[in-house]
There are 2 protein chains.
Amino acid sequence: MSYANDMPTVEKVARSDAGLAAELRLSVMRLRRRLAGERHPDNELSINQMGVLGVLARRGALTVGELAVAERVQPPSMTRTVNCLEESGDVVKRPHETDRRQIVVELSEQGRGRVLADRDRRDAWLAQRLRELSPDERAVLRQAAPILDKLALKD
Amino acid sequence: MSYANDMPTVEKVARSDAGLAAELRLSVMRLRRRLAGERHPDNELSINQMGVLGVLARRGALTVGELAVAERVQPPSMTRTVNCLEESGDVVKRPHETDRRQIVVELSEQGRGRVLADRDRRDAWLAQRLRELSPDERAVLRQAAPILDKLALKD
DNA sequence: GTAACTCATTACCCTTGCTAACTATTCCGG
DNA sequence: CCGGAATAGTTAGCAAGGGTAATGAGTTAC
C-alpha cells in the first residue's frame, strides 16, 4: 500500500451505504467506457448494436418500443439502432399482426449467425480479464450482474 | 413467468463463464445509461464532471494525464472536461512545481463544496434503489464495485 | 364518428468519446 | 552545450449515440 492509511480507497468508501452508490456509479462508468472501446476488430457492429442483437436472441422478436424499454433508451434512439441493424442485414422488420402501429423486429439468419459466431469469441477482452480474476471474484460478479440489471430496469 | 422454461434468462446465462462476460457487459451498459440520465435536477454538472470532482476529492490534486488514466479516457477528453470544470469554477489549474509541461488540477473551494453538498443527497436515484435491495444484494454489490474497477483499470 | 391516446418516426441538437496534428518542455547522447 | 527523441497538454475535426419536440398513422373510448 503506497499511500497513507487515511486516504480513502474504493474498498473502504464502499463499505458505507452512502459511499456504495458513488463507488458503484464510478466503477460502472469506467468499465462501460472501457468496454465500448474494446470491441473485437473483426466485428463492425458497435457494442450497442450487439446488445440489441443479444436481447433479440434471448427473448425473440420484439417491438421497437419493447426493445427501447429493454435497453433503457428512448424510442427514437432505438429506431435509429434498429435501422442500422436492418441496413446491415442483421434484423428484419415486419408489421405487428394485429396492431399496425407497431413494428416487430426479429433476428435475420445473418443476425442469428452473428450472435452465434460472436458467442464463441464473445467479449474477448472482458472474458480474458474475467479469467484472470479469482474464482471468488467471478462468483461475486456472477451474482452482481442480475442485481445491476435489476437496478437499471427499476421504476 | 410468461415465457417458456428453456428461454434463457440473465441468471441462467451468467452461470457459465462464457455467458458471464456478455451478461456483465449488458448490465453495465444499461445501468450506466440509466445513471447518466438520472442526475439530480439542481446539479448542472454532468455525471462525468461529477466523477472527476469525486476523484479529485478522494485523491487530491492530480495532473490532467493522471485524471485521464483514472477515468479511462484519452488526454484530450480530459482536457475538455477539466476546462468545463474550470469555467464553472469547480477546479483550478496551476503549473506543476518542477515540470512545466504538466498542469495540476485541484478542487476549488466551490468544487469541494459541491462534492460535499452532493455527498448528502449523493446519487439520490441510485442510493434509493440500493435501499430497496436486500442486505445480501447490497453486500454483493459492495464486493463487486472494486472488482469492476479492477477490470476497468486492467492492462 | 370524433377525440384522445399510443407507437414509431423524423428532424435537430448536445454530449462525449476518439485520432491526428501541433506546441512546449524535458531528457539524453554525443 | 546542443540537437533529436520523448512526454504533457492542447487544438481541431469527426463520429457515435444519447435526448426532446413535433409529426403521422393507427387504435381506443365515449
Side-chain angles (χ1 to χ4, degrees), chain A residues 26 28-39 41 43-53 61-88 91-106 152, chain B residues 25-26 28-39 41 43-52 61-88 91-106 152:
Chain A
L26 284 177
V28 166
M29 298 286 295
R30 290 190 194 116
L31 183 52
R32 179 267 175 190
R33 211 174 284 135
R34 184 63 181 266
L35 289 174
E38 292 285 351
R39 66 171 86 162
N43 193 344
E44 70 269 21
L45 263 51
S46 78
I47 190 169
N48 293 310
Q49 294 169 328
M50 284 308 300
V52 171
L53 292 189
L62 294 174
T63 68
V64 171
E66 288 167 337
L67 279 174
V69 169
E71 291 298 272
R72 297 294 325 177
V73 295
Q74 293 300 309
S77 302
M78 187 49 68
T79 290
R80 180 170 35 180
T81 301
V82 165
N83 284 342
C84 283
L85 290 171
E86 187 186 27
E87 205 165 314
S88 68
V91 304
V92 291
K93 297 199 280 194
R94 58 177 166 79
H96 192 276
E97 308 261 316
T98 61
D99 185 342
R100 283 182 299 177
R101 287 171 306 180
Q102 301 185 54
I103 305 275
V104 177
V105 182
E106 66 183 340
Chain B
R25 175 171 55 72
L26 285 177
V28 166
M29 298 286 295
R30 289 191 194 117
L31 184 51
R32 178 268 175 188
R33 212 173 284 137
R34 182 62 181 267
L35 289 172
E38 291 286 350
R39 66 173 85 162
N43 191 344
E44 69 269 20
L45 264 51
S46 77
I47 189 168
N48 293 309
Q49 293 168 329
M50 285 307 300
V52 171
L62 294 174
T63 69
V64 171
E66 287 167 337
L67 279 174
V69 169
E71 289 300 90
R72 296 293 327 176
V73 296
Q74 294 300 309
S77 303
M78 188 50 69
T79 290
R80 179 167 35 179
T81 301
V82 166
N83 283 343
C84 283
L85 289 172
E86 188 186 28
E87 205 163 315
S88 68
V91 303
V92 292
K93 296 200 280 193
R94 58 176 167 79
H96 191 276
E97 308 260 316
T98 61
D99 185 343
R100 282 182 301 176
R101 290 171 303 181
Q102 301 185 51
I103 305 274
V104 177
V105 182
E106 66 183 340

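Reminder, nothing fancy here: chain letters follow the sequence lines and each chain counts from 1.
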Per-nt protein contacts along nucleotides 23-30 of chain D (heavy atom under 4.0 Å; B base, S backbone sugar-phosphate only, - none) come out as ---BS---
Close N or O pairs between protein and nucleotides 2-4 of chain D (under 3.5 Å):
none

side-chain contact (heavy atoms from CB on, under 4.5 Å) with A:Leu85: of A:Leu53, A:Val92, A:Val105, only one passes, and it is A:Leu53
The nucleotide from D:dT10, D:dA8, C:dG17 with an atom nearest the side chain of B:Val64 is D:dT10
* To do: Return the 5'-most residue of the pair A:Val104, A:Arg33 with respect to DNA chain C, ranking by each residue's nearest nucleotide.
  =>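 Closer to the 5' end of DNA chain C: A:Val104.
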For the residue pair [X] and [Y], what are the closest heavy atoms and their distance?
X: B:Leu26; Y: A:Gly51; value: CD2-CA, 3.6 Å
X: A:Val104; Y: A:Ala61; value: CG1-CB, 3.6 Å
X: B:Arg34; Y: A:Ala152; value: NH1-O, 2.8 Å
X: B:Val28; Y: A:Leu31; value: CG2-CD2, 4.1 Å

Requested in this report: Please determine if a side-chain N or O atom of A:Lys93 lies less than 4.0 Å away from the OP1 or OP2 oxygen of C:dT9.
Outcome: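 A:Lys93 to C:dT9 OP1/OP2: side-chain N or O found under 4.0 Å.
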Does C:dC7 have OP1 or OP2 sitting under 4.0 Å from an N or O in the side chain of A:Thr63? no
A:Glu86: salt bridge (charged side-chain N to carboxylate O under 4.0 Å, His left out) partners, not counting sequence neighbours: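 If we apply the salt bridge (charged side-chain N to carboxylate O under 4.0 Å, His left out) test to A:Glu86, skipping adjacent residues, the hits are A:Lys93.
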Grab the [atom1]-[atom2] distance between [X] and [N] for me, whole Å please.
X: A:Asn48; N: C:dG17; atom1: CG; atom2: P; value: 14 Å
X: B:Glu44; N: C:dC14; atom1: CD; atom2: C1'; value: 17 Å
X: B:Leu35; N: D:dG19; atom1: CG; atom2: P; value: 13 Å
X: B:Ile103; N: C:dT26; atom1: CD1; atom2: P; value: 12 Å
X: B:His96; N: D:dA8; atom1: NE2; atom2: P; value: 10 Å
X: A:Arg32; N: C:dG17; atom1: CZ; atom2: P; value: 8 Å
X: B:Ile47; N: D:dG19; atom1: CD1; atom2: P; value: 13 Å
X: A:Leu67; N: D:dG18; atom1: CG; atom2: P; value: 13 Å

Determine all donor-acceptor pairs shorter than 3.5 Å in which one atom belongs to a side chain in residues 70-80 of chain B; sequence neighbours excluded.
residue: B:Glu71; atom: OE1; partner: A:Arg30; partner atom: NE; Å: 2.8
residue: B:Glu71; atom: OE1; partner: A:Arg30; partner atom: NH2; Å: 3.0
residue: B:Thr79; atom: OG1; partner: B:Pro75; partner atom: O; Å: 3.2

For residues 96-106 of chain B, the salt bridge (Lys or Arg N to Asp or Glu O under 4.0 Å) pairs (sequence neighbours left out) are B:Arg94-B:Glu106, B:Asp99-B:Arg101
Query - Reported CD1-to-CE distance for the pair A:Ile47 and B:Met29, which is rounded to 0.5 angstrom - result: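 Between atom CD1 of A:Ile47 and atom CE of B:Met29 there are 4.0 Å.
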* Would you please test A:Arg32 and B:Leu35 for side chain to side chain contact (heavy atoms under 4.5 Å, CB included) and show each step? => CA-CA 12 Å; A:Arg32 179 267 175 190; B:Leu35 289 172; over 6 Å; no
Note: contacts of residues 69-88 of chain B with DNA chain D (heavy atom, under 4.0 Å) are B:Pro75, B:Pro76, B:Thr79
